[in-house]
Trainee: 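Quick one: this structure, given as structure tokens, is what I'll be asking you about.
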Amino acid sequence: MKLGFDFYDRRAVQVARDLLGQVLVHERAGGRVAARIVETEAYIGPEDLACHASKGRTARTEVLFGPPGTAYVFLVYGMHHCFNAVVEPEGVGAAVLVRGVEPVEGIAATVRTDGPGRVCKAMAIDLSQNRTSLLGEGPLWVEAAPRPAARRIVRGPRIGVDYAKEWADRPYRFWVKDSPGVSRPSSLMLPRRNA
DNA sequence: CTACAGATCTAT
DNA sequence: TAGATCTGTAGC
């Protein structure tokens with residue numbers, strides 16, 4: 001069953017942690033694509049300098065202030081899409097970014113799904129899903145699934161938000177320990193093993 | 001109006 | 001380590 005209003009209508013950090021293990025589904029003409037969420041980041045509101053809502057209400061960020069359970073998709077670096085779920089009560093500009101998934105259905109095993117850009121590419125998510133509801137009959141939703149054991153959930157600072165001053169160090173990133181769907185900063189990339 | 005940097009990824 | 005490639009936002 002789909003995660004509903006009450007799931008998203010909570011603190012961003014809580015939703016980010018609870019989204020781990022849940023299954024993101026995109027149903028479209030070409031068929032259904034589904035993947036298990038293994039990495040998320042919370043962007044907690046306008047006071048959070050890493051959150052797009054810190055820019056105030058603009059054409060781009062307006063959706064963040066809307067009802068929880070809405071898709072927020074944006075384009076970064078002119079080529080990569082990032083998928084978020086709007087969270088917290090209406091009026092609070094907050095969201096949870098999905099940074100990594102593991103294929104469940106409709107994604108070739110060879111396709112990489114670690115990193116927010118790759119998640120959207122693998123799941124065919126783009127700006128056409130921006131502002132669509134995750135709660136009703138829209139093309140995107142999150143299916144409830146068993147959560148990972150608490151001891152398999154790891155927490156740390158968000159990626160790529162160094163400009164956000166003290167907010168950059170806040171531990172708002174959550175991921176499932178040892179999952180291949182979890183992204184790693186290039187500076188920490190391990191050398192490729194051929195053995 | 002122009003300039004610039006960004007919640008990234010890939011190839012060199 | 002830099003280039004792709006586009007848009008919101010700031011600055012003039």
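Throughout, a chain's letter reflects where its sequence line sits, starting with A, and its residues are numbered from 1. The basis for the numbers below is simple: all heavy atoms, side chains too, and nothing from hydrogens, waters or symmetry mates.
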Trainee: Quickly work out the A/H81 NE2 to B/dC9 P distance and round it to whole Å.
Mentor: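 That distance rounds to 12 Å.
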Trainee: So, are A/E88 and A/R10 salt-bridged, with charged N and O less than 4.0 Å apart?
Mentor: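 Judged by the 4.0 Å cut-off on N to carboxylate O distance, A/E88 and A/R10 do not form a salt bridge.
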Trainee: Could you tell me how far C/dT1 sits from B/dA7 if I compare only their P atoms? Round to whole Å.
Mentor: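 Straight-line distance between the two P atoms is 23 Å.
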Trainee: Which protein N or O atoms sit under 3.5 Å from an N or O of nucleotides 5-7 of chain B?
Mentor:
| unit_1 | atom_1 | unit_2 | atom_2 | d |
| --- | --- | --- | --- | --- |
| B/dA7 | OP1 | A/H52 | NE2 | 2.9 |
| B/dA7 | OP2 | A/Y163 | OH | 2.2 |
| B/dA7 | N7 | A/A50 | O | 3.2 |
| B/dA7 | N7 | A/H52 | NE2 | 2.9 |
| B/dA7 | N1 | A/N84 | OD1 | 2.5 |

Trainee: Specify the residue among A/H80 and A/L127 whose closest nucleotide of DNA chain C lies further upstream toward the 5′ end.
Mentor: A/H80
Trainee: From A/L97 CG over to A/C82 SG, what is the distance, rounded to the nearest 0.5 angstrom?
Mentor: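 The SG atom of A/C82 is 5.5 Å from CG of A/L97, to the nearest 0.5 Å.
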Trainee: Please convert DNA chain B into dot-bracket. A pair counts if it is Watson-Crick or G-U wobble with both distances under 3.5 Å; crossing pairs go in [ ] and bases paired with another strand get |.
Mentor: ||||||.||||.
Trainee: Is there a donor in the side chain of A/E39 and an acceptor in the side chain of A/S183, or the other way round, less than 3.5 Å apart?
Mentor: yes
Trainee: Is the phosphate of B/dT8 approached by A/S183 (side-chain N or O, under 4.0 Å from OP1 or OP2)?
Mentor: no
Trainee: Hey, can you pull the donor-acceptor pairs under 3.5 Å for the side chains in residues 57-69 of chain A, sequence neighbours left out?
Mentor:
| unit_1 | atom_1 | unit_2 | atom_2 | d |
| --- | --- | --- | --- | --- |
| A/R57 | NH1 | A/E62 | OE2 | 2.7 |
| A/T58 | OG1 | A/R60 | N | 3.3 |
| A/T58 | OG1 | A/T61 | N | 3.1 |
| A/T58 | OG1 | A/T61 | OG1 | 3.2 |
| A/T61 | OG1 | A/G56 | O | 2.5 |
| A/T61 | OG1 | A/T58 | N | 2.8 |

Trainee: Please state how far atom CG in A/D114 lies from atom C1' in B/dT10, giving the value in whole angstrom units.
Mentor: 13 Å
Trainee: Give one of base, sugar-phosphate or nothing for A/K55, where a contact means two heavy atoms less than 4.0 Å apart.
Mentor: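 Sugar-phosphate only.
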Trainee: Among all residues two or more places apart in sequence or in another chain, which pass the salt bridge (charged side-chain N to carboxylate O under 4.0 Å, His left out) test with A/E143?
Mentor: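 Per chain and number, A/E143 pairs via salt bridge (charged side-chain N to carboxylate O under 4.0 Å, His left out) with no residue.
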Trainee: To the nearest Å, how far apart are A/M79 CE and C/dA2 C1'?
Mentor: 13 Å
Trainee: May I have the distance from A/N130 (atom CG) to C/dT7 (atom C1'), rounded to whole angstrom?
Mentor: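 In whole Å, C/dT7 C1' lies 13 Å from A/N130 CG.
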Trainee: Could I get the full list of salt bridge (charged side-chain N to carboxylate O under 4.0 Å, His left out) partners for A/D48, not counting sequence neighbours?
Mentor: A/R158
Trainee: Which residues pass the salt bridge (charged side-chain N to carboxylate O under 4.0 Å, His left out) test with A/R152, sequence neighbours left out?
Mentor: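 A/R152: no salt bridge (charged side-chain N to carboxylate O under 4.0 Å, His left out) contacts found.
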Trainee: Over all heavy atoms of both residues, which pair between A/Y8 and A/A85 is shortest? Give the atoms and the distance, please.
Mentor: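 In this case the closest contact between A/Y8 and A/A85 is CE2-CB, 3.9 Å.
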Trainee: Can we call the ring centroids of A/F7 and A/F5 under 6.0 Å apart?
Mentor: no
